[in-house]
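To start, the structure under review is shown below, and the notes come after it.
One-based numbering, in listed order, for ligands and for the atoms of each. No experiment lies behind these values; they were computed from the predicted model shown.
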Amino acid sequence: MSAKKYLLSTFSVILFAILAACSAPEEAANEMDEFTFANYDAIVVRHVDLDLDVDFDNKILTGSAELSLEILKPDTNTLILDTRDLAIKAVFTEASGGWQETGFVLEDGGNLMGQSLTIDLPEGAAKVRIEYQTSPGASGLQWLTPEQTAGKEYPFMFSQSQAIHARSWVPIQDTPAVRFTYSATIRTPEALLALMSADQDPYTPRDGEYSFEMPQAIPAYLMAIAVGDLEFQAISDTVGVYAEEYILAAAAEEFSETPMMMEATADLYGPYRWGRYDLLILPPSFPFGGMENPRLTFLTPTVIAGDKSLTSIIAHELAHSWSGNLVTNATWRHAWLNEGFTSYVENRVMEEVYGKDRAVMEQVLGKADLLETIAGFEDPAMSALVMPYGLNDPFEGFTDVPYQKGDLFLRYLEQKFGREKFDTFLRAYFEEFAFGSILSEDFYSYLDENLMSPNPGVVEPEVIRAWIYDPGLLDVAPEPTSDAFTLVSETRAAFLAGEISATELGSEAWITHQWLYFINALPDDMAMELFIDLDTTFDLSVTANAEIAFAWYMKSLQAGYLTVVNPVEEYLIRIGRGKLIYPLYQRLVDISQRDWALKVYQKARPGYHPIAQARIDAILEL
Ligand code: BES
Ligand code: ZN
């Protein structure tokens with residue numbers, strides 16, 4: 001361990017000890033975000049105005065950010081911002097006498113957090129303007145060469161700010177506890193279109209200069225930008241898709257039910273408050289399935305399966321327009337307030353739009369993932385909804401726990417209080433905390449006041465607190481069962497017993513979920529003839545469905561079915577979505593194929609996002 005890292009971790013151990021000694025962990029009402037340098041208890045950013053040139057030749061953004069400030073503590077004479085690998089050229093402040101240059105210090109805070117930017121604020125200063133440029137290795141941006149796009153003609157650039165990467169392209173208070181509005185002017189090569197998580201006219205002329213307004217206050221992790229050779233296709237008056245031309249029509253078709261989902265979510269939880277809702281299909285190197293950037297969800301193309309079987313991701317990112325974007329976790333330890341609520345809302349919307357059977361299948365798959373994840377933890381604290389202090393990166397906390405355990409907790413409450421009361425409660429919760437950033441304890445108090453106290457005896461407060469703060473999964477957790485899956489289990493058993501062959505599975509009408517359920521529970525020591533039978537019958541090794549391919553590759557590698565080797569290589573080079581590739585690299589290490597994994601990675605790495613590169617470097621111990 002480096003000296004710096006050692007100091008940091010010693011510091012967090014001490015910090016943790018102090019916190020643990022002073023208060024029960026759940027009682028920190030004014031808990032500060034440990035992943036920001038910002039002095040946001042003294043001064044907050046209320047508006048950001050960006051003026052940036054997108055320089056593809058140098059892979060940098062260059063320009064300025066003007067920040068409007070609200071001083072909370074009168075004597076504040078410094079503004080501390082988060083940055084990471086930004087070159088700061090000059091800083092100006094605006095006070096009564098106009099703009100003037102001011103002093104600043106950039107200080108390295110280690111790998112994890114980046115550099116703090118401390119700016120001198122003269123008395124009465126209400127604005128600062130920072131002239132800066134990003135670095136080509138900015139952790140929150142990916143720059144693709146024309147060859148790395150489908151069209152091969154133009155370069156592409158996109159951001160991924162969550163959790164703490166906004167600071168690598170904007171000097172900002174990079175904490176979900178602070179919200180601001182923003183405006184931007186972005187200059188690009190003339191043929192390209194710039195998009196942001198903001199108000200935009202889909203039919204704006206492509207002329208290389210684009211203006212944006214984001215009138216609703218959002219936290220920094222929801223700032224987003226993308227620039228490329230993008231086309232637009234409307235799905236309805238207020239919903240549409242942006243994509244490279246090759247996939248535009250397919251995307252619009254795949255996601256044609258988005259307006260229905262919006263209606264269903266708004267019927268349940270109150271009006272959609274963000275104006276338009278558009279989808280942006282990114283190149284396959286996008287490291288996530290989806291990202292809920294307000295007004296403009298970012299999506300991996302790997303969910304375009306051709307049969308609408310992976311559209312729950314739209315329900316998910318759309319649901320964030322209520323849970324997460326409207327009511328936000330104030331610090332990343334409480335990410336379940338974003339992701340657990342969103343997983344719950346997602347599933348309710350899937351039920352509304354596609355019916356109970358599909359919704360329940362998704363619940364069963366989710367709970368199975370959760371149990372496997374919890375079983376794999378060395379540190380039990382990782383299985384509590386509220387994450388421990390001192391993680392190396394907030395992203396480490398985004399496991400199945402905040403998503404699936406959070407979902408189970410809310411479903412438990414729904415079952416206990418009844419759907420009608422719980423729906424009314426959740427709707428009121430979104431209204432009460434709209435455009436606010438909250439902690440788990442705020443949720444608990446609101447739940448206590450509005451559901452537990454008016455309905456005494458329905459749940460025990462200790463059980464509710466255990467759901468939120470204790471490790472593991474309570475016995476009272478809901479236990480979804482799916483008839484469709486029961487049939488798949490029976491079919492699988494008959495296949496494994498040699499009673500039926502692959503052609504006799506009766507799988508013609510299976511949807512992706514059933515295939516995943518079928519494949520995931522095949523035994524690791526299944527006979528090679530059976531692998532071959534399945535593969536020759538269904539072409540699983542070369543399926544275009546990225547989720548089914550993933551499940552099949554994981555199983556085949558474990559079992560030593562080597563026909564998948566070439567397809568896996570091709571897959572790892574083509575796709576950069578973390579959920580689909582990190583486990584494959586890990587599996588290759590686990591089955592003593594690290595050398596082969598390294599060879600593939602050498603070819604694939606240049607195409608991966610910086611976030612994915614860092615993660616796989618760690619898996620392969622580079
Ligand atoms: N907000 C997350 C993505 C995220 C989380 C990015 C943490 C960076 C840090 C997004 O809403 C999400 O959960 N995406 C999932 C898909 C979803 C259907 C579970 C993903 O990308 O796999
Ligand atoms: Zn999410």
- request: Check salt bridge (Lys or Arg N to Asp or Glu O under 4.0 Å) between Arg358 and all other residues, then give those that pass, not counting sequence neighbours.
  value: Glu362

- line: Restricting His316 to its N/O/S atoms, the closest one to the Zn ion (ligand 2) is NE2

message: Using the ring centroid of each side chain, check whether Trp322 and Phe341 are separated by less than 6.0 Å.
response: no

- request: Please report the C-alpha distance between Phe158 and Ser285 in whole Å, then the side-chain angles of each, then the deciding distance to 0.1 Å, and finally whether the side-chain contact (heavy atoms from CB on, under 4.5 Å) criterion is met.
  value: CA-CA 10 Å; Phe158 63 88; Ser285 67; 4.0 Å; yes

query: With Asn545, which residues qualify under side chain to side chain contact (heavy atoms under 4.5 Å, CB included), at least two apart?
result: Ala305, Ser309, Leu310, Thr512, Thr543, Glu547, Ile548

query: Of all the atoms in Glu339, is at least one N, O or S atom closer to the Zn ion (ligand 2) than 2.8 Å?
result: yes

field: Set of salt bridge (Lys or Arg N to Asp or Glu O under 4.0 Å) partners for Asp423, sequence neighbours left out
entry: Arg348

query: Distance only, no hydrogens: is a donor on one side chain within 3.5 Å (strictly under) of an acceptor on the other, for Thr238 and Arg276?
result: no

query: How long is the span from the OH atom in Tyr571 to the CD1 atom in Ile581, to the nearest 0.5 Å?
result: 9.0 Å

message: For ligand 1, give me the residues whose heavy-atom distance to it is below 4.0 Å, by chain and number please.
response: Gln160, Gln162, Phe288, Gly289, Gly290, Met291, Glu292, Ile313, His316, Glu317, His320, Glu339, Phe395, Phe398, Tyr403, Arg577

